[in-house]
Asks: 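For reference, the structure I am asking about is given below.
Residue numbers start from 1 in every chain, and the chains themselves are labelled A, B, ... in the order their sequence lines are given, proteins ahead of strands. Values in this document were obtained by computation on a predicted structure and should not be read as measured data.
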There are 2 protein chains.
Amino acid sequence: MSPKKSGTAKEAKPLSRIQEANRKAILDAALDVFAKSGFRGATIDEIAGKAGMSKPNLLYYFKSKRAIYQQVLEQTLSEWLTPFAELDPNGDPVEELRRYITAKLKMSESNPNASKLFANEVIHGAPVISDFLTTSLKALVDEKAKVIRKWVGEGKLAPIDPYHLIFTIWATTQHYADFDVQIRAVIGTQAGKPGFHEQAAQAVLSIILHGIKPR
Amino acid sequence: MSPKKSGTAKEAKPLSRIQEANRKAILDAALDVFAKSGFRGATIDEIAGKAGMSKPNLLYYFKSKRAIYQQVLEQTLSEWLTPFAELDPNGDPVEELRRYITAKLKMSESNPNASKLFANEVIHGAPVISDFLTTSLKALVDEKAKVIRKWVGEGKLAPIDPYHLIFTIWATTQHYADFDVQIRAVIGTQAGKPGFHEQAAQAVLSIILHGIKPR
DNA sequence: ACATTGCTTGACCGTTTGGTCAAATCGGAC
DNA sequence: GTCCGATTTGACCAAACGGTCAAGCAATGT
(Lines give C-alpha, C1' and ligand atoms only; values in the text may rest on other atoms or scores of the structure.)
Protein backbone atom coordinates (compact mmCIF):
# COMPACT_ATOMS: atom_id res chain seq x y z
CA MET A 1 0.00 0.00 0.00
CA SER A 2 2.47 2.57 -1.14
CA PRO A 3 0.42 4.98 -3.24
CA LYS A 4 -2.50 5.34 -0.86
CA LYS A 5 -2.32 4.90 2.85
CA SER A 6 -5.42 3.34 4.32
CA GLY A 7 -6.66 5.73 6.99
CA THR A 8 -9.35 5.06 9.51
CA ALA A 9 -12.04 6.77 7.45
CA LYS A 10 -12.81 7.92 3.93
CA GLU A 11 -9.89 9.72 2.41
CA ALA A 12 -8.29 11.07 -0.77
CA LYS A 13 -10.90 13.23 -2.50
CA PRO A 14 -9.44 16.75 -2.17
CA LEU A 15 -13.01 18.17 -2.45
CA SER A 16 -13.41 20.89 -5.06
CA ARG A 17 -14.36 24.45 -4.22
CA ILE A 18 -17.96 23.90 -5.25
CA GLN A 19 -18.21 20.64 -3.36
CA GLU A 20 -17.02 22.25 -0.21
CA ALA A 21 -19.48 25.11 -0.56
CA ASN A 22 -22.41 22.85 -1.28
CA ARG A 23 -21.66 20.41 1.49
CA LYS A 24 -21.45 23.26 3.94
CA ALA A 25 -24.72 24.74 2.69
CA ILE A 26 -26.37 21.36 3.09
CA LEU A 27 -25.04 20.79 6.59
CA ASP A 28 -26.06 24.27 7.72
CA ALA A 29 -29.55 23.82 6.35
CA ALA A 30 -29.75 20.33 7.80
CA LEU A 31 -28.86 21.57 11.28
CA ASP A 32 -31.74 24.03 11.13
CA VAL A 33 -34.25 21.55 9.84
CA PHE A 34 -33.25 18.61 12.04
CA ALA A 35 -33.24 20.84 15.12
CA LYS A 36 -36.67 22.18 14.27
CA SER A 37 -38.37 18.96 13.21
CA GLY A 38 -36.27 16.06 14.47
CA PHE A 39 -34.91 13.33 12.25
CA ARG A 40 -38.24 11.85 11.35
CA GLY A 41 -39.97 15.16 10.90
CA ALA A 42 -37.30 16.63 8.66
CA THR A 43 -37.68 16.18 4.91
CA ILE A 44 -34.95 16.08 2.33
CA ASP A 45 -36.92 18.53 0.24
CA GLU A 46 -36.92 21.14 2.98
CA ILE A 47 -33.20 20.77 3.60
CA ALA A 48 -32.49 20.97 -0.11
CA GLY A 49 -34.69 24.04 -0.45
CA LYS A 50 -32.95 25.81 2.42
CA ALA A 51 -29.60 24.88 0.93
CA GLY A 52 -30.69 26.33 -2.40
CA MET A 53 -30.66 23.21 -4.50
CA SER A 54 -32.84 20.37 -5.73
CA LYS A 55 -33.39 17.14 -3.86
CA PRO A 56 -31.47 14.94 -6.31
CA ASN A 57 -28.62 17.39 -6.17
CA LEU A 58 -28.49 17.12 -2.41
CA LEU A 59 -28.46 13.36 -2.72
CA TYR A 60 -25.53 13.72 -5.06
CA TYR A 61 -23.53 14.96 -2.09
CA PHE A 62 -24.96 12.78 0.65
CA LYS A 63 -26.21 9.34 -0.11
CA SER A 64 -29.18 9.42 2.25
CA LYS A 65 -31.06 11.45 4.81
CA ARG A 66 -29.42 9.42 7.54
CA ALA A 67 -25.97 10.20 6.17
CA ILE A 68 -26.63 13.92 6.44
CA TYR A 69 -27.98 13.50 9.94
CA GLN A 70 -24.97 11.51 11.03
CA GLN A 71 -22.57 14.07 9.64
CA VAL A 72 -24.33 17.02 11.24
CA LEU A 73 -24.48 15.22 14.54
CA GLU A 74 -20.81 14.26 14.55
CA GLN A 75 -19.76 17.77 13.67
CA THR A 76 -21.96 19.19 16.39
CA LEU A 77 -20.77 16.75 19.01
CA SER A 78 -17.08 17.47 18.77
CA GLU A 79 -17.69 21.19 18.76
CA TRP A 80 -20.00 20.82 21.71
CA LEU A 81 -17.52 18.97 23.88
CA THR A 82 -14.51 21.17 23.25
CA PRO A 83 -14.85 23.41 26.32
CA PHE A 84 -15.47 20.39 28.53
CA ALA A 85 -12.29 18.74 27.32
CA GLU A 86 -10.41 21.91 28.17
CA LEU A 87 -11.14 21.73 31.90
CA ASP A 88 -7.67 22.17 33.32
CA PRO A 89 -6.73 19.88 36.23
CA ASN A 90 -4.09 22.38 37.31
CA GLY A 91 -6.31 25.42 37.29
CA ASP A 92 -8.35 26.79 40.15
CA PRO A 93 -11.41 24.52 40.41
CA VAL A 94 -14.07 27.17 40.89
CA GLU A 95 -12.50 29.30 38.21
CA GLU A 96 -12.27 26.40 35.79
CA LEU A 97 -15.88 25.48 36.32
CA ARG A 98 -16.94 29.08 35.99
CA ARG A 99 -15.18 29.26 32.65
CA TYR A 100 -16.74 26.03 31.49
CA ILE A 101 -20.28 26.97 32.49
CA THR A 102 -19.91 30.40 30.95
CA ALA A 103 -18.62 28.94 27.71
CA LYS A 104 -21.46 26.47 27.49
CA LEU A 105 -24.09 29.08 28.20
CA LYS A 106 -22.59 31.23 25.47
CA MET A 107 -22.80 28.31 23.07
CA SER A 108 -26.41 27.74 24.00
CA GLU A 109 -27.09 31.34 23.13
CA SER A 110 -25.17 31.49 19.86
CA ASN A 111 -26.08 28.07 18.54
CA PRO A 112 -29.20 26.70 20.17
CA ASN A 113 -29.87 24.47 17.20
CA ALA A 114 -26.82 22.38 17.93
CA SER A 115 -28.07 21.85 21.44
CA LYS A 116 -31.56 20.96 20.28
CA LEU A 117 -30.25 18.52 17.72
CA PHE A 118 -28.29 16.73 20.37
CA ALA A 119 -31.12 16.79 22.88
CA ASN A 120 -33.50 15.34 20.37
CA GLU A 121 -31.13 12.53 19.52
CA VAL A 122 -30.61 11.58 23.15
CA ILE A 123 -34.26 11.87 24.16
CA HIS A 124 -35.20 9.42 21.47
CA GLY A 125 -32.70 6.89 22.73
CA ALA A 126 -29.55 8.02 20.92
CA PRO A 127 -30.01 5.54 18.06
CA VAL A 128 -27.14 7.05 16.10
CA ILE A 129 -24.65 8.03 18.79
CA SER A 130 -25.10 5.45 21.50
CA ASP A 131 -21.72 3.97 20.61
CA PHE A 132 -20.11 7.36 20.94
CA LEU A 133 -21.76 7.88 24.31
CA THR A 134 -20.55 4.62 25.79
CA THR A 135 -16.99 4.94 24.47
CA SER A 136 -15.61 8.41 23.76
CA LEU A 137 -17.95 10.40 25.94
CA LYS A 138 -17.77 7.97 28.84
CA ALA A 139 -13.97 8.04 28.71
CA LEU A 140 -13.89 11.80 28.66
CA VAL A 141 -16.34 12.10 31.54
CA ASP A 142 -14.49 9.49 33.58
CA GLU A 143 -11.31 11.47 33.11
CA LYS A 144 -12.87 14.75 34.15
CA ALA A 145 -14.68 13.11 37.04
CA LYS A 146 -11.32 12.00 38.33
CA VAL A 147 -10.10 15.58 38.17
CA ILE A 148 -13.10 16.83 40.10
CA ARG A 149 -12.69 14.09 42.66
CA LYS A 150 -9.10 15.17 43.11
CA TRP A 151 -10.22 18.74 43.67
CA VAL A 152 -12.70 17.53 46.25
CA GLY A 153 -9.98 15.48 47.93
CA GLU A 154 -7.80 18.56 48.15
CA GLY A 155 -10.60 20.43 49.87
CA LYS A 156 -10.98 22.83 46.99
CA LEU A 157 -14.58 21.83 46.41
CA ALA A 158 -17.37 20.71 48.67
CA PRO A 159 -17.74 16.92 48.81
CA ILE A 160 -19.94 16.35 45.80
CA ASP A 161 -20.32 13.45 43.40
CA PRO A 162 -18.40 14.47 40.26
CA TYR A 163 -20.80 12.81 37.86
CA HIS A 164 -23.84 14.48 39.26
CA LEU A 165 -22.05 17.80 39.25
CA ILE A 166 -21.31 17.34 35.57
CA PHE A 167 -24.89 16.34 34.87
CA THR A 168 -26.16 19.36 36.74
CA ILE A 169 -23.98 21.65 34.67
CA TRP A 170 -25.04 19.99 31.45
CA ALA A 171 -28.66 20.15 32.46
CA THR A 172 -28.72 23.85 33.26
CA THR A 173 -26.67 24.99 30.31
CA GLN A 174 -28.61 22.89 27.81
CA HIS A 175 -31.88 24.05 29.27
CA TYR A 176 -31.37 27.61 28.13
CA ALA A 177 -30.98 26.43 24.56
CA ASP A 178 -33.43 23.54 24.38
CA PHE A 179 -36.27 25.18 26.28
CA ASP A 180 -35.81 28.71 25.01
CA VAL A 181 -39.39 28.76 23.80
CA GLN A 182 -40.66 27.98 27.27
CA ILE A 183 -38.33 30.48 28.88
CA ARG A 184 -39.42 33.17 26.48
CA ALA A 185 -43.04 32.33 27.11
CA VAL A 186 -42.65 32.50 30.86
CA ILE A 187 -40.54 35.59 31.36
CA GLY A 188 -42.12 37.50 28.50
CA THR A 189 -40.51 40.33 26.61
CA GLN A 190 -37.27 40.65 28.51
CA ALA A 191 -36.07 37.30 27.19
CA GLY A 192 -34.72 38.68 23.95
CA LYS A 193 -33.25 41.79 25.48
CA PRO A 194 -29.49 42.18 25.44
CA GLY A 195 -28.02 41.26 28.75
CA PHE A 196 -30.54 38.56 29.43
CA HIS A 197 -28.07 35.79 28.89
CA GLU A 198 -25.53 37.52 31.08
CA GLN A 199 -28.15 37.63 33.80
CA ALA A 200 -28.91 33.97 33.29
CA ALA A 201 -25.23 33.12 33.44
CA GLN A 202 -24.81 35.06 36.66
CA ALA A 203 -27.74 33.31 38.30
CA VAL A 204 -26.65 29.84 37.24
CA LEU A 205 -23.08 30.48 38.27
CA SER A 206 -24.24 31.87 41.58
CA ILE A 207 -26.29 28.81 42.40
CA ILE A 208 -23.88 26.13 41.26
CA LEU A 209 -20.64 27.73 42.36
CA HIS A 210 -21.95 28.58 45.80
CA GLY A 211 -23.37 25.10 45.92
CA ILE A 212 -19.99 23.47 45.44
CA LYS A 213 -17.63 25.82 47.25
CA PRO A 214 -15.85 24.18 50.12
CA ARG A 215 -17.64 24.79 53.36
CA MET B 1 -80.37 26.96 28.87
CA SER B 2 -82.04 24.88 31.48
CA PRO B 3 -81.47 21.28 30.35
CA LYS B 4 -77.82 21.60 29.41
CA LYS B 5 -75.48 24.21 30.74
CA SER B 6 -72.89 25.37 28.19
CA GLY B 7 -69.56 24.72 29.85
CA THR B 8 -66.16 25.81 28.64
CA ALA B 9 -65.35 22.47 27.04
CA LYS B 10 -66.99 19.30 25.82
CA GLU B 11 -69.41 17.88 28.32
CA ALA B 12 -72.35 15.55 28.89
CA LYS B 13 -71.39 12.10 27.58
CA PRO B 14 -71.11 10.04 30.76
CA LEU B 15 -68.62 7.74 28.97
CA SER B 16 -69.43 4.06 29.16
CA ARG B 17 -67.25 1.55 30.97
CA ILE B 18 -65.75 0.32 27.72
CA GLN B 19 -65.16 3.81 26.44
CA GLU B 20 -63.28 4.74 29.55
CA ALA B 21 -61.13 1.64 29.38
CA ASN B 22 -60.33 2.09 25.72
CA ARG B 23 -59.55 5.75 25.99
CA LYS B 24 -57.20 5.04 28.85
CA ALA B 25 -55.50 2.25 26.93
CA ILE B 26 -55.04 4.56 23.98
CA LEU B 27 -53.65 7.41 26.05
CA ASP B 28 -51.24 5.10 27.86
CA ALA B 29 -49.99 3.64 24.61
CA ALA B 30 -49.80 7.08 23.03
CA LEU B 31 -47.62 8.40 25.84
CA ASP B 32 -45.16 5.59 25.24
CA VAL B 33 -45.06 6.00 21.50
CA PHE B 34 -45.01 9.79 21.40
CA ALA B 35 -42.25 9.89 23.99
CA LYS B 36 -40.21 7.38 22.06
CA SER B 37 -40.71 8.72 18.55
CA GLY B 38 -41.99 12.26 18.85
CA PHE B 39 -45.20 13.47 17.27
CA ARG B 40 -44.05 13.11 13.71
CA GLY B 41 -42.31 9.80 14.24
CA ALA B 42 -45.23 8.16 16.00
CA THR B 43 -47.73 6.24 13.92
CA ILE B 44 -51.35 5.62 14.66
CA ASP B 45 -50.84 1.98 13.84
CA GLU B 46 -48.22 1.56 16.53
CA ILE B 47 -50.33 3.31 19.14
CA ALA B 48 -53.33 1.21 18.18
CA GLY B 49 -51.27 -1.95 18.32
CA LYS B 50 -49.96 -1.15 21.78
CA ALA B 51 -53.47 -0.31 22.90
CA GLY B 52 -54.68 -3.66 21.60
CA MET B 53 -57.02 -2.48 18.89
CA SER B 54 -57.18 -1.68 15.20
CA LYS B 55 -56.40 1.71 13.73
CA PRO B 56 -59.97 2.54 12.69
CA ASN B 57 -61.09 1.59 16.15
CA LEU B 58 -58.64 4.00 17.70
CA LEU B 59 -59.91 6.72 15.37
CA TYR B 60 -63.38 5.93 16.60
CA TYR B 61 -62.31 7.28 19.99
CA PHE B 62 -60.05 10.12 18.89
CA LYS B 63 -60.70 11.93 15.70
CA SER B 64 -57.05 12.37 14.68
CA LYS B 65 -53.47 11.73 15.67
CA ARG B 66 -53.19 15.34 16.76
CA ALA B 67 -56.22 14.97 19.03
CA ILE B 68 -54.58 12.09 20.86
CA TYR B 69 -51.37 14.02 21.17
CA GLN B 70 -53.14 17.05 22.55
CA GLN B 71 -55.00 15.00 25.11
CA VAL B 72 -51.91 13.16 26.30
CA LEU B 73 -50.00 16.39 26.53
CA GLU B 74 -52.69 18.18 28.50
CA GLN B 75 -53.04 15.31 30.92
CA THR B 76 -49.28 15.15 31.38
CA LEU B 77 -48.92 18.87 31.91
CA SER B 78 -51.35 19.24 34.75
CA GLU B 79 -49.92 16.23 36.52
CA TRP B 80 -46.44 17.53 35.95
CA LEU B 81 -47.09 20.92 37.52
CA THR B 82 -48.90 19.74 40.60
CA PRO B 83 -45.91 19.72 42.97
CA PHE B 84 -44.82 23.12 41.71
CA ALA B 85 -48.23 24.59 42.43
CA GLU B 86 -47.99 23.21 45.94
CA LEU B 87 -44.97 25.29 46.92
CA ASP B 88 -46.17 26.77 50.19
CA PRO B 89 -45.43 30.49 50.72
CA ASN B 90 -45.72 29.97 54.47
CA GLY B 91 -43.40 27.01 54.68
CA ASP B 92 -39.69 27.06 55.29
CA PRO B 93 -38.10 28.07 51.95
CA VAL B 94 -35.27 25.57 51.87
CA GLU B 95 -37.57 22.84 53.08
CA GLU B 96 -40.22 23.69 50.51
CA LEU B 97 -37.71 23.67 47.70
CA ARG B 98 -36.23 20.42 48.92
CA ARG B 99 -39.66 18.86 48.85
CA TYR B 100 -40.33 20.19 45.38
CA ILE B 101 -37.03 19.05 43.91
CA THR B 102 -37.37 15.65 45.52
CA ALA B 103 -40.89 15.24 44.18
CA LYS B 104 -39.85 16.20 40.67
CA LEU B 105 -36.88 13.85 40.68
CA LYS B 106 -39.15 11.08 41.81
CA MET B 107 -41.52 11.83 38.96
CA SER B 108 -38.63 11.76 36.50
CA GLU B 109 -37.78 8.33 37.76
CA SER B 110 -41.26 6.87 37.81
CA ASN B 111 -42.56 8.44 34.63
CA PRO B 112 -39.74 9.52 32.33
CA ASN B 113 -42.00 9.31 29.33
CA ALA B 114 -44.09 12.20 30.52
CA SER B 115 -40.96 14.28 30.83
CA LYS B 116 -39.72 13.28 27.41
CA LEU B 117 -43.05 14.02 25.80
CA PHE B 118 -43.01 17.50 27.24
CA ALA B 119 -39.37 18.11 26.38
CA ASN B 120 -39.95 17.05 22.82
CA GLU B 121 -42.88 19.38 22.45
CA VAL B 122 -40.99 22.38 23.80
CA ILE B 123 -37.78 21.68 21.89
CA HIS B 124 -39.70 21.75 18.66
CA GLY B 125 -41.21 25.11 19.42
CA ALA B 126 -44.23 24.09 21.50
CA PRO B 127 -46.60 24.16 18.52
CA VAL B 128 -49.43 22.72 20.55
CA ILE B 129 -48.97 24.23 23.99
CA SER B 130 -47.50 27.67 23.34
CA ASP B 131 -50.78 29.23 24.42
CA PHE B 132 -50.67 27.29 27.65
CA LEU B 133 -47.09 28.39 28.25
CA THR B 134 -47.79 32.08 27.81
CA THR B 135 -50.96 32.08 29.88
CA SER B 136 -51.42 29.43 32.57
CA LEU B 137 -47.78 28.51 33.04
CA LYS B 138 -46.57 32.10 32.99
CA ALA B 139 -49.19 33.06 35.58
CA LEU B 140 -48.20 30.18 37.82
CA VAL B 141 -44.50 30.93 37.52
CA ASP B 142 -45.05 34.64 38.15
CA GLU B 143 -46.93 33.76 41.31
CA LYS B 144 -44.24 31.42 42.59
CA ALA B 145 -41.50 33.85 41.60
CA LYS B 146 -43.17 36.40 43.83
CA VAL B 147 -43.06 33.93 46.69
CA ILE B 148 -39.39 33.25 46.17
CA ARG B 149 -38.66 36.95 45.92
CA LYS B 150 -40.43 37.42 49.23
CA TRP B 151 -38.28 34.71 50.79
CA VAL B 152 -35.19 36.44 49.47
CA GLY B 153 -36.41 39.74 50.85
CA GLU B 154 -36.83 38.17 54.25
CA GLY B 155 -33.26 36.93 54.11
CA LYS B 156 -34.34 33.31 54.07
CA LEU B 157 -32.64 32.70 50.74
CA ALA B 158 -29.52 34.09 49.11
CA PRO B 159 -30.26 36.93 46.69
CA ILE B 160 -31.05 34.98 43.56
CA ASP B 161 -33.27 35.69 40.59
CA PRO B 162 -36.44 33.63 41.18
CA TYR B 163 -36.98 32.81 37.52
CA HIS B 164 -33.51 31.48 37.00
CA LEU B 165 -33.77 29.45 40.18
CA ILE B 166 -36.95 27.87 38.86
CA PHE B 167 -35.33 27.21 35.50
CA THR B 168 -32.34 25.63 37.19
CA ILE B 169 -34.58 23.30 39.16
CA TRP B 170 -36.58 22.38 36.09
CA ALA B 171 -33.42 21.82 34.09
CA THR B 172 -31.79 19.45 36.54
CA THR B 173 -34.86 17.46 37.38
CA GLN B 174 -35.91 17.04 33.76
CA HIS B 175 -32.40 16.08 32.78
CA TYR B 176 -32.50 12.84 34.73
CA ALA B 177 -35.57 11.77 32.78
CA ASP B 178 -34.89 13.17 29.33
CA PHE B 179 -31.23 12.24 29.13
CA ASP B 180 -31.40 8.94 30.95
CA VAL B 181 -29.84 7.17 28.00
CA GLN B 182 -26.81 9.44 28.13
CA ILE B 183 -26.55 9.13 31.89
CA ARG B 184 -26.72 5.37 31.69
CA ALA B 185 -24.12 5.36 28.93
CA VAL B 186 -21.73 7.53 30.91
CA ILE B 187 -21.93 6.05 34.38
CA GLY B 188 -22.31 2.50 33.20
CA THR B 189 -23.88 -0.30 35.14
CA GLN B 190 -24.60 1.47 38.38
CA ALA B 191 -27.27 3.60 36.72
CA GLY B 192 -30.02 1.06 37.09
CA LYS B 193 -29.06 -0.01 40.58
CA PRO B 194 -31.44 0.74 43.38
CA GLY B 195 -30.41 3.80 45.26
CA PHE B 196 -29.04 5.53 42.23
CA HIS B 197 -31.85 8.00 42.10
CA GLU B 198 -31.53 8.69 45.79
CA GLN B 199 -27.88 9.44 45.22
CA ALA B 200 -28.75 11.73 42.33
CA ALA B 201 -31.33 13.51 44.44
CA GLN B 202 -28.85 14.01 47.22
CA ALA B 203 -26.25 15.49 44.88
CA VAL B 204 -28.67 17.81 43.16
CA LEU B 205 -30.16 18.93 46.43
CA SER B 206 -26.72 19.48 47.87
CA ILE B 207 -25.66 21.71 45.00
CA ILE B 208 -28.81 23.76 44.62
CA LEU B 209 -29.75 24.11 48.25
CA HIS B 210 -26.26 25.10 49.34
CA GLY B 211 -26.23 27.42 46.35
CA ILE B 212 -29.26 29.33 47.54
CA LYS B 213 -28.93 29.26 51.29
CA PRO B 214 -28.55 32.71 52.81
CA ARG B 215 -24.92 33.62 53.27
C1' DA C 1 -13.96 22.96 -31.28
C1' DC C 2 -14.69 19.17 -28.75
C1' DA C 3 -14.54 15.66 -25.48
C1' DT C 4 -14.56 14.41 -20.73
C1' DT C 5 -15.79 14.94 -16.37
C1' DG C 6 -18.37 17.05 -12.77
C1' DC C 7 -22.69 19.08 -11.45
C1' DT C 8 -27.86 19.68 -11.64
C1' DT C 9 -32.63 18.50 -12.14
C1' DG C 10 -37.54 17.07 -13.83
C1' DA C 11 -39.96 13.10 -13.78
C1' DC C 12 -40.81 9.03 -11.75
C1' DC C 13 -41.34 4.84 -8.36
C1' DG C 14 -42.44 2.24 -4.21
C1' DT C 15 -43.51 2.66 0.49
C1' DT C 16 -45.45 4.60 4.47
C1' DT C 17 -49.01 6.75 6.71
C1' DG C 18 -53.16 9.56 8.25
C1' DG C 19 -57.64 9.04 7.60
C1' DT C 20 -62.36 7.08 5.51
C1' DC C 21 -66.11 3.79 4.75
C1' DA C 22 -69.14 0.21 4.57
C1' DA C 23 -69.91 -3.91 6.45
C1' DA C 24 -69.69 -7.07 10.36
C1' DT C 25 -70.14 -7.99 15.27
C1' DC C 26 -71.29 -7.10 19.99
C1' DG C 27 -74.16 -6.06 24.03
C1' DG C 28 -77.77 -4.46 26.61
C1' DA C 29 -83.06 -3.21 26.81
C1' DC C 30 -87.36 -5.13 26.15
C1' DG D 1 -85.05 -14.09 21.27
C1' DT D 2 -85.07 -9.64 18.84
C1' DC D 3 -83.84 -5.21 17.97
C1' DC D 4 -80.88 -1.13 17.82
C1' DG D 5 -77.25 1.52 18.72
C1' DA D 6 -72.42 1.06 20.09
C1' DT D 7 -68.20 -0.96 18.81
C1' DT D 8 -64.80 -3.10 15.71
C1' DT D 9 -62.26 -3.92 11.53
C1' DG D 10 -60.60 -5.22 6.58
C1' DA D 11 -60.09 -2.83 2.58
C1' DC D 12 -59.13 1.19 0.56
C1' DC D 13 -57.56 6.15 -0.79
C1' DA D 14 -54.70 10.24 -1.33
C1' DA D 15 -50.78 12.66 0.11
C1' DA D 16 -46.13 12.82 1.59
C1' DC D 17 -41.71 11.19 1.37
C1' DG D 18 -37.09 8.82 0.53
C1' DG D 19 -34.68 7.62 -3.13
C1' DT D 20 -33.48 6.56 -8.40
C1' DC D 21 -32.56 7.59 -13.24
C1' DA D 22 -31.62 9.35 -17.43
C1' DA D 23 -30.89 13.34 -19.62
C1' DG D 24 -29.27 18.20 -19.63
C1' DC D 25 -25.87 21.79 -18.46
C1' DA D 26 -21.31 23.77 -17.10
C1' DA D 27 -16.35 23.83 -16.74
C1' DT D 28 -11.91 22.52 -17.84
C1' DG D 29 -8.02 20.63 -20.43
C1' DT D 30 -6.18 19.87 -25.15
Asks: What does nucleotides 10-17 of chain C look like as a protein-contact string, B for base, S for sugar-phosphate only, - for none, at under 4.0 angstrom between heavy atoms?
Replies: B------S
Asks: Measure the distance from CG on B:L58 to P on D:dT7 and round it to the nearest whole Å.
Replies: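 B:L58 atom CG is separated from D:dT7 atom P by 14 Å.
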Asks: Expressed in angstrom and rounded to an integer, what is the separation of B:I18 atom CD1 from C:dG28 atom P?
Replies: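 Distance check: B:I18 CD1 to C:dG28 P gives 9 Å.
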Asks: For the pair made of CD1 in B:I68 and C1' in C:dG18, what is the distance, rounded to whole Å?
Replies: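 In whole Å, C:dG18 C1' and B:I68 CD1 are 10 Å from each other.
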Asks: When rounded to the nearest 0.5 angstrom, what is the spacing between NZ in B:K104 and CG in B:L81?
Replies: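 Output value for this atom pair is 7.5 Å.
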Asks: Charged N to carboxylate O under 4.0 angstrom, B:R99 versus B:E96?
Replies: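 Here B:R99 pairs with B:E96 in a salt bridge, since their nearest N and O are under 4.0 Å apart.
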Asks: With a cut-off of under 6.0 Å to the ring centre and 45° to the axis, is B:K65 in cation-pi contact with B:F39?
Replies: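 Positive - B:K65 is close enough to the ring of B:F39 and near enough to its axis.
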Asks: Phosphate oxygens OP1/OP2 of D:dT8: is one of them under 4.0 Å from a side-chain N or O of B:Y60?
Replies: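 For D:dT8, neither OP1 nor OP2 has a side-chain N or O of B:Y60 closer than 4.0 Å.
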Asks: Which nucleotide wins on minimum distance to the side chain of A:N57, given the candidates C:dG19, D:dT8, C:dT9?
Replies: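 The answer is C:dT9, which lies nearest to the side chain.
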Asks: Rounded to the Å, how far apart are B:N22 CG and D:dT9 C1'?
Replies: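 About 13 Å, once rounded to whole Å.
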Asks: Over how many whole Å does the gap from A:F62 atom CZ to D:dG19 atom P extend?
Replies: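 Spelled out: CZ on A:F62 to P on D:dG19 is 13 Å.
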Asks: To the nearest Å, give me how far apart CZ (B:R23) and P (D:dT7) are.
Replies: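 Value for this atom pair: 11 Å.
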Asks: Would a line drawn from the ring center of A:W170 to the ring center of B:F179 be shorter than 6.0 Å?
Replies: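 When the ring centroids of A:W170 and B:F179 are compared, they turn out to be at least 6.0 Å apart.
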Asks: Of the candidate nucleotides D:dT8, D:dT7, C:dT20, which contains the atom at the shortest distance from the side chain of B:Q19?
Replies: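 Of all the options, the side chain of B:Q19 is nearest to D:dT7.
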Asks: Compute whether any side-chain donor of one residue and acceptor of the other, for A:N120 and B:H124, lie under 3.5 angstrom apart.
Replies: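 Yes, because at least one side-chain N or O of A:N120 sits under 3.5 Å from a partner of the opposite role on B:H124.
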Asks: Between B:K36 and B:D32, is there a salt bridge with N-O shorter than 4.0 Å?
Replies: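 No.
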Asks: Cut-off 3.5 Å, side chains only: do A:Y100 and A:E86 have a donor facing an acceptor?
Replies: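 Distance-only check fails for A:Y100 and A:E86.
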Asks: Are any of A:Y61's side-chain N or O atoms less than 4.0 Å away from OP1 or OP2 of C:dT8?
Replies: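 For C:dT8, OP1/OP2 do have a side-chain N/O of A:Y61 under 4.0 Å.
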Asks: Between D:dG18 atom C1' and A:K63 atom NZ, what is the distance in whole Å?
Replies: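 Distance check: A:K63 NZ to D:dG18 C1' gives 13 Å.
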